[in-house]
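A short worksheet on the structure shown next.
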Amino acid sequence: MSLHRLASGVLLPGFHGTTAPDWLLKRVADGLGGVVLFGRNVVSVGGDDDPARDAQVKALNAQLRDVRADVVIGIDEEGGDVTRLDAGRGSEVPGNHALGAADDVGLTRAVAASIGARLAACGVSLNLAPSADLVLTLDDPVIGVRSFGSDPAAAAGHVAAFVEGLQAVGVAACAKHFPGHGASTVDSHAALPVLPRTTAELAAVEFVPFRAAVAAGVRSIMTGHLVVPEWGDAPATLNPRAVRVLREELGFTGAVITDGLDMKAVGGDLAEGSVRSLAAGVDALCLGGEPLDDDGLQWLVDSIVAAVESGVLPVERLEEAARRTAALGAPAASVEAHDPELGLAAARRALEVRGALRLSGPPVVVDLAVEPSIAVGDVPWGLGPYLAELVPGTSVVASTSADEIAALAAGRPVVVVTREAHRHAWARELVSTLGTIGLDLVHVETGVPGPDLGAGARVDTHGGARVCLRAAAERIAAAL
């Protein structure tokens with residue numbers, strides 16, 4: 001195999017469009033490792049028309065597989081807040097934190113199998129999920145409800161179950177973001193996090209879910225752009241010691257995939273980051289966040305080839321990486337039907353209610369929207385439309401003034417909805433103020449539950465997925 005084909009074989013770029021452009025099809029024919037799909041590659045279909053949406057993704061993937069049957073087709077379909085197939089309306093399944101709250105590994109396995117069956121039917125071979133990170137600080141800005149929770153052993157059981165569910169229907173799973181993002185207070189999309197952890201602490205805590213994923217046979221693991229001071233200044237993605245720990249101490253033998261190499265935590269030149277990650281022992285290079293064109297891909301291929309020719313990157317290392325990447329491309333041999341009803345049932349089981357949830361009449365709903373993380377993207381969020389559908393007379397207002405909300409309520413109950421209020425001082429203060437002015441107040445938290453802010457009743461959904469919001473609306477409507 002030529003060096004150029006080997007270099008192409010480790011690349012997993014993103015691209016623009018809901019059909020495959022001609023240049024991309026040519027790249028696939030010439031040995032491109034594969035692609036990663038994002039919400040921009042999925043037609044936004046109104047209402048609940050999953051078949052129409054999925055048919056478009058299936059047709060797109062069929063274009064790619066008609067050129068080369070074993071091309072890797074990846075996607076971030078974590079469920080919950082991070083969804084690509086349902087980016088236009090919100091996920092049909094709850095995410096990890098909700099599944100952790102339900103605390104039934106059989107349910108987690110079933111939800112993952114349902115996600116996998118849907119992906120397999122669409123022609124996807126690799127799901128960049130589950131997140132094996134833990135919630136280790138409430139100041140974490142990027143993982144949050146993408147994690148199964150804070151307890152390493154409990155989270156490990158769910159990570160293993162998710163891997164088993166996905167891979168049982170023929171879709172490769174990817175545990176991420178090694179060595180674990182949960183103790184960070186920095187989003188690696190925007191800057192380089194330095195973990196305040198020793199190797200011994202990582203081994204006792206963060207590594208536990210990753211070990212479970214390896215034991216469950218996970219076919220790929222994603223590195224995080226995270227600095228562990230004991231391992232040097234380079235983030236794990238570019239760090240040979242991080243990959244050695246993953247291989248030698250955790251016993252992982254599958255494909256190691258980078259988190260997006262265009263994220264700011266990597267910094268510098270994209271070609272340099274590609275070569276350094278391969279030299280460190282990583283196999284597949286995820287380049288999806290910023291879509292590339294044909295010229296951009298050629299630049300990367302040429303840079304990798306030049307690194308081999310100059311002796312910076314051993315050809316044996318590139319051959320190994322291309323071989324491991326290719327192993328993620330086989331489409332599912334058989335497809336089971338996914339269960340569109342399972343997600344709502346799981347979301348209902350995840351709900352937690354504190355206090356006396358009673359409403360004296362149709363409420364005023366205040367959805368306190370905050371900027372989502374880059375990983376989540378612009379997915380619809382908010383309880384108002386769901387509660388208005390179930391309770392005629394419900395009002396949905398956008399005010400963030402306590403006095404104005406009280407005036408609009410005029411004695412009616414108020415439902416205030418937040419997304420990790422503990423991380424946003426203005427939202428936290430507004431909820432606390434509303435709780436002191438005599439309102440009949442219900443606080444719905446859709447992120448990782450933070451401290452009690454003084455509402456008469458509290459509903460924790462453990463996620464902002466469409467089904468989590470629907471389940472909360474049902475529970476509140478039943479309180480009338």
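Quick note: residue numbers are just sequence positions, from 1.
Side-chain contact between Val71 and Arg65 is present, with at least one heavy-atom pair separated by less than 4.5 Å. Looking at heavy atoms from C-beta onward, Leu202 lies in side-chain contact with Trp231 at the 4.5 angstrom threshold. Inter-residue side-chain proximity for Ser8 and Asp30 is flagged as unmet; no heavy-atom pair is nearer than 4.5 Å. Within the 4.5 Å cutoff, side-chain heavy atoms of Trp426 are placed close to those of Val370. In this structure, the side chains of Glu92 and Pro340 come closer than 4.5 Å at one or more pairs of heavy atoms. At least one side-chain heavy atom of Leu313 sits less than 4.5 Å from a side-chain heavy atom of Ile304. With a 4.5 Å cut-off on side-chain heavy atoms, Ser114 and Val111 do not count as touching. Two residues are said to be in side-chain contact when any heavy atoms from C-beta on lie closer than 4.5 Å; Val145 and Asn96 fail this criterion.
Among all heavy-atom pairs drawn from Ala284 and Leu12, the shortest one is CB-CD1, 3.9 Å. The two residues Thr198 and Glu230 make their nearest non-hydrogen contact at CB-OE2, 3.3 Å. Contact between Ser373 and Pro141 at its shortest, heavy atoms only, is CB-O, 4.0 Å. Of all the heavy atoms in Val467 and Val93, the pair that sits closest is CG2-C, 3.6 Å. The two residues Ile143 and Ser131 come nearest to each other via the heavy atoms CG2-OG, 4.2 Å. Between Val36 and Asn41 the shortest heavy-atom distance is O-OD1, 4.2 Å.
Using modelled atom types, no side-chain atom of Lys176 and backbone atom of Asp259 make a donor-acceptor pair closer than 3.5 Å. Looking only at distances, no side-chain donor or acceptor of Asp367 sits under 3.5 Å from a matching main-chain atom of Ala369. In this structure, the side chain of Glu445 engages the main chain of Gly447 through a donor-acceptor pair within 3.5 Å. Distance alone, capped at 3.5 Å, is enough to place a donor-acceptor pair between the Ser220 side chain and the Ala173 backbone. Here the side chain of Asp140 pairs a donor or acceptor atom with the backbone of Val142 at under 3.5 angstrom. In this structure a side-chain-to-backbone donor-acceptor pair under 3.5 Å is missing from Asp139 to Thr185. The closest donor-acceptor contact from the side chain of Asp293 to the backbone of Gly296 lies under 3.5 Å. Between the side chain of Arg211 and the backbone N or O of Glu249, at least one donor-acceptor pair lies under 3.5 Å. A donor-acceptor pair is defined here as one N or O able to donate and one able to accept, closer than 3.5 Å; such a pair exists between the side chain of Arg317 and the backbone of Val282. Ser125 places a side-chain N or O within 3.5 Å of a backbone atom of Ile73 that can act as its donor or acceptor partner.
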Val448 vs Arg423, side chain to side chain contact (heavy atoms under 4.5 Å, CB included): CA-CA, chis, key distance, verdict: CA-CA 10 Å; Val448 172; Arg423 291 202 308 108; over 6 Å; no

Verdict with reasoning, Asn127 to Ile75, per side chain to side chain contact (heavy atoms under 4.5 Å, CB included): CA-CA 5 Å; Asn127 190 11; Ile75 196 168; 3.9 Å; yes

Verdict with supporting geometry, Leu238 and Ser277, side chain to side chain contact (heavy atoms under 4.5 Å, CB included): CA-CA 4 Å; Leu238 311 178; Ser277 60; 3.9 Å; yes

Test log, rule salt bridge (Lys or Arg N to Asp or Glu O under 4.0 Å), inputs Arg146 and Asp76: CA-CA 12 Å; Arg146 299 167 66 193; Asp76 287 281; 5.7 Å; no

Side chain to side chain contact (heavy atoms under 4.5 Å, CB included) assessment of Gln298 paired with His4: CA-CA 9 Å; Gln298 189 62 52; His4 281 80; 4.2 Å; yes

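Distance OG1/Thr253 to CD1/Ile221: 9.5 Å, rounded to 0.5 Å. Taking OG1 from Thr325 and CD from Glu320, the interatomic distance works out to 10.0 Å, rounded to the nearest 0.5 Å. Ser274 OG to Leu11 CG: the interatomic distance, rounded to the nearest 0.5 Å, is 7.0 Å. Summarising the geometry, atom CZ belonging to Arg40 is positioned 12.5 Å from atom OG1 belonging to Thr18; distances are rounded to the nearest 0.5 Å. One finds the CG atom of Asp460 at 9.5 Å from the NE2 atom of His97 (value rounded to the nearest 0.5 Å). To the nearest 0.5 Å, atom OG of residue Ser303 and atom CD of residue Glu272 are 10.5 Å apart.
Take Asp70 and apply the side-chain hydrogen bond (donor to acceptor under 3.5 Å, both in side chains) test, not counting sequence neighbours, and it matches Arg68.
Neither side chain, Thr83 nor Glu78, offers a donor N or O lying under 3.5 Å from an acceptor on the other.
Ion pairing between Glu319 and Arg323 fails under the 4.0 Å rule for side-chain N and carboxylate O. One finds no salt bridge joining Asp283 and Arg219 here, because no Lys/Arg side-chain nitrogen approaches an Asp/Glu carboxylate oxygen to under 4.0 Å.
Using bins of under 30°, 30° to 60° and over 60° for the plane-to-plane angle, the ring pair Phe178/Phe207 lands in the parallel bin.
Under the side-chain contact (heavy atoms from CB on, under 4.5 Å) test applied with Thr237, the options Ile257, Leu285, Thr258 reduce to a single match, Thr258. Partner Arg419 forms a side chain to side chain donor-acceptor pair (under 3.5 Å) with one of Thr446, Asp81, Thr461 and no other, that one being Asp81.
Listed by first then second residue, pairs satisfying ring pair (Phe, Tyr, Trp, His ring centres under 6.0 Å) with a partner in residues 111-148 read Phe148-His158, not counting sequence neighbours. Sorted by first and then second residue, the ring pair (Phe, Tyr, Trp, His ring centres under 6.0 Å) pairs with a member in residues 270-324 form an empty list; sequence neighbours excluded.
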